[in-house]
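The structure under discussion appears below in the form of structure tokens.
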Amino acid sequence: MLRFAPSPTGDMHIGNLRVAIINYIVAMQKKEGFLVRIEDTDKARNIEGKDEEILEILKKFSLHDNGTFYQSKNLHIHQGLAIKLLDEKKAFVCTCSPEELEAQREQAKDQKRAYRYSGICEHKSEEEIKALKESGTPFVVRLKKPSKNITFTDAIKGKFSFAPNEVDSFVILREDSTPTYNFACACDDMLMDIDMIIRGEDHISNTPKQIHIKRMLGFDKETVYAHLPIILNSKNKKMSKRDDASSVKWLFEQGFLPDAILNYLLLLGNKTPTEVFTLPEAVTWFDLDNISKGAAKFDLDKLRFLNRKHFERMDDKLLSSLFGFSDAELGKLAKLYLEEASTLSELEPKIKAIFAPKDFGGEWGGSMRVIADIIDKAPYFEAYNDFKDHISQTANLKGKELFKPLRLLLTGAEHGPELKEIYTYIKPYIKDLTV
Ligand code: GLU
């Protein structure tokens with residue numbers, strides 16, 4: 001069973017979307033379930049509506065899940081499991097105050113060593129703990145650090161080994177008795193029987209903690225981990241919220257197609273048999289072994305290229321409907337413009353301008369008016385050359401004097417694809433275009 005576990009704390013990042021896509025593909029290949037778990041236990045960081053937004057985005061990419069779960073619904077289970085660990089003396093109550101811990105952190109920093117929990121509360125007697133609880137002293141629950149190294153082999157990055165001190169005796173239940181991220185995540189992975197976890201490499205340091213939690217809870221089934229390398233921006237820094245293109249919502253607003261975004265994210269740092277492909281195609285050949293260990297650099301131009309490719313592949317009628325038309329020929333018309341436009345937002349004004357009322361006020365306005373009157377009275381011409389010759393002869397215009405105003409009249413723009421090609425698709429509407 002695989003899962004995608006987003007936190008509803010902001011706009012969906014392309015790195016997260018890549019994680020979702022790859023989990024989905026591997027689930028399809030293994031013929032296993034793909035679950036979505038909204039990790040909403042950190043109430044202070046949750047943003048209202050982001051969960052819905054994430055689910056909508058997954059739908060747009062056709063990443064259909066076999067169930068959506070909200071982590072907060074499992075709160076009592078997480079607490080129950082923490083109590084079980086306390087009872088079994090695998091976890092302990094810690095009453096160190098945030099100030100004390102902060103002072104120890106500062107001290108470690110001054111001494112240029114990594115901060116580790118002092119272990120002071122681990123050996124408190126039953127009586128001491130009872131007295132503390134009765135006195136209402138705030139406490140957290142910590143899991144005892146492991147007794148030996150935690151090792152795992154990542155499917156992408158290879159072998160890792162973490163010493164007990166690196167894992168440390170970490171907090172699993174906070175003062176308000178809510179579970180920490182690592183605890184809730186590990187408990188739920190165990191409860192949902194997740195045996196393969198694919199996520200971003202920023203989680204590598206959480207992995208030994210989560211393995212330790214699951215072991216302490218008696219879950220000894222092997223989990224395969226695959227940590228995907230980060231995505232870098234043009235300055236070789238990790239793509240962050242500050243990079244517009246890191247937001248899936250922004251990419252949609254710019255007019256990028258889900259198929260192109262998905263294609264691009266699967267191409268990043270990967271060896272693929274073809275450059276342009278769809279999700280069902282990727283399911284047939286995707287292999288984690290082909291993902292490179294190193295970070296991949298985001299390239300907006302490449303995404304623009306793929307967007308054009310997916311527009312070219314798009315069903316004509318569907319493309320036409322994106323502009324509010326139903327005639328498939330207008331989809332073909334839009335495809336002519338892919339020489340000069342890559343996204344829906346670039347394409348749309350060009351197509352809309354063809355059907356919008358024309359501006360007869362400029363330098364070429366006079367000739368445009370003359371040509372418009374001729375077109376209004378002219379019969380239907382199947383061939384562009386006959387249409388053009390008729391106007392040329394009737395108006396007595398040729399060369400630039402003919403083509404400049406004719407283009408402006410038919411397309412609302414000074415430049416664009418060959419008029420001859422455009423004519424193929426607009427000829428049924430020709431009299432409506434010259435107003
Ligand atoms: N909620 C975590 C995140 O969004 C999930 C990490 C994981 O997949 O375990 O980064």
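Start at 1 with the first residue, then count along the sequence. Atoms within each ligand, like the ligands themselves, are counted from 1 in listed order.
Aromatic ring pairs are classed by plane angle as parallel below 30°, tilted from 30° to 60° and perpendicular above 60°; the pair F323 and F325 is tilted.
Residue, atom and distance of the protein heavy atom nearest to atom 5 (C) of ligand 1 are A5 O, 3.0 Å. If you check which protein heavy atom lies closest to atom 9 (O) of ligand 1, you get R199 NH1, 2.7 Å. Of the protein's non-hydrogen atoms, the one nearest atom 7 (C) of ligand 1 is R3 NH1, 3.2 Å. For atom 10 (O) of ligand 1, the closest heavy atom belonging to the protein is H203 NE2, 2.8 Å.
The contact set between ligand 1 and C185, taken as ligand atoms under 4.0 Å from a residue heavy atom, comprises 9 (O). Annotation for ligand 1: atoms under 4.0 Å from non-hydrogen atoms of E39 are 1 (N), 2 (C), 5 (C).
For the residue pair N182 / Q210, a side-chain donor-acceptor distance below 3.5 Å is found, with atom types taken as modelled. Of the N and O atoms on the side chains of K50 and S7, not one donor lies less than 3.5 Å from an acceptor on the other residue.
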Under 3.5 Å, which donor-acceptor pairs do the side chains of residues 257-264 form with other protein atoms, sequence neighbours left out?
residue, atom, partner, partner atom, Å
N263, OD1, F277, N, 2.9
N263, OD1, H310, NE2, 2.8
N263, ND2, E275, O, 3.0
Y264, OH, D299, N, 2.7

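For Q210, the heavy-atom gap to ligand 1 stays at 4.0 angstrom or more. Ligand 1 is never approached by F4 to a heavy-atom distance shorter than 4.0 Å.
A centroid separation of 6.0 Å or more is found between the aromatic rings of Y24 and F61.
Between C187 and the choices I77, I172, L81, the side chain to side chain contact (heavy atoms under 4.5 Å, CB included) rule is met once, by L81.
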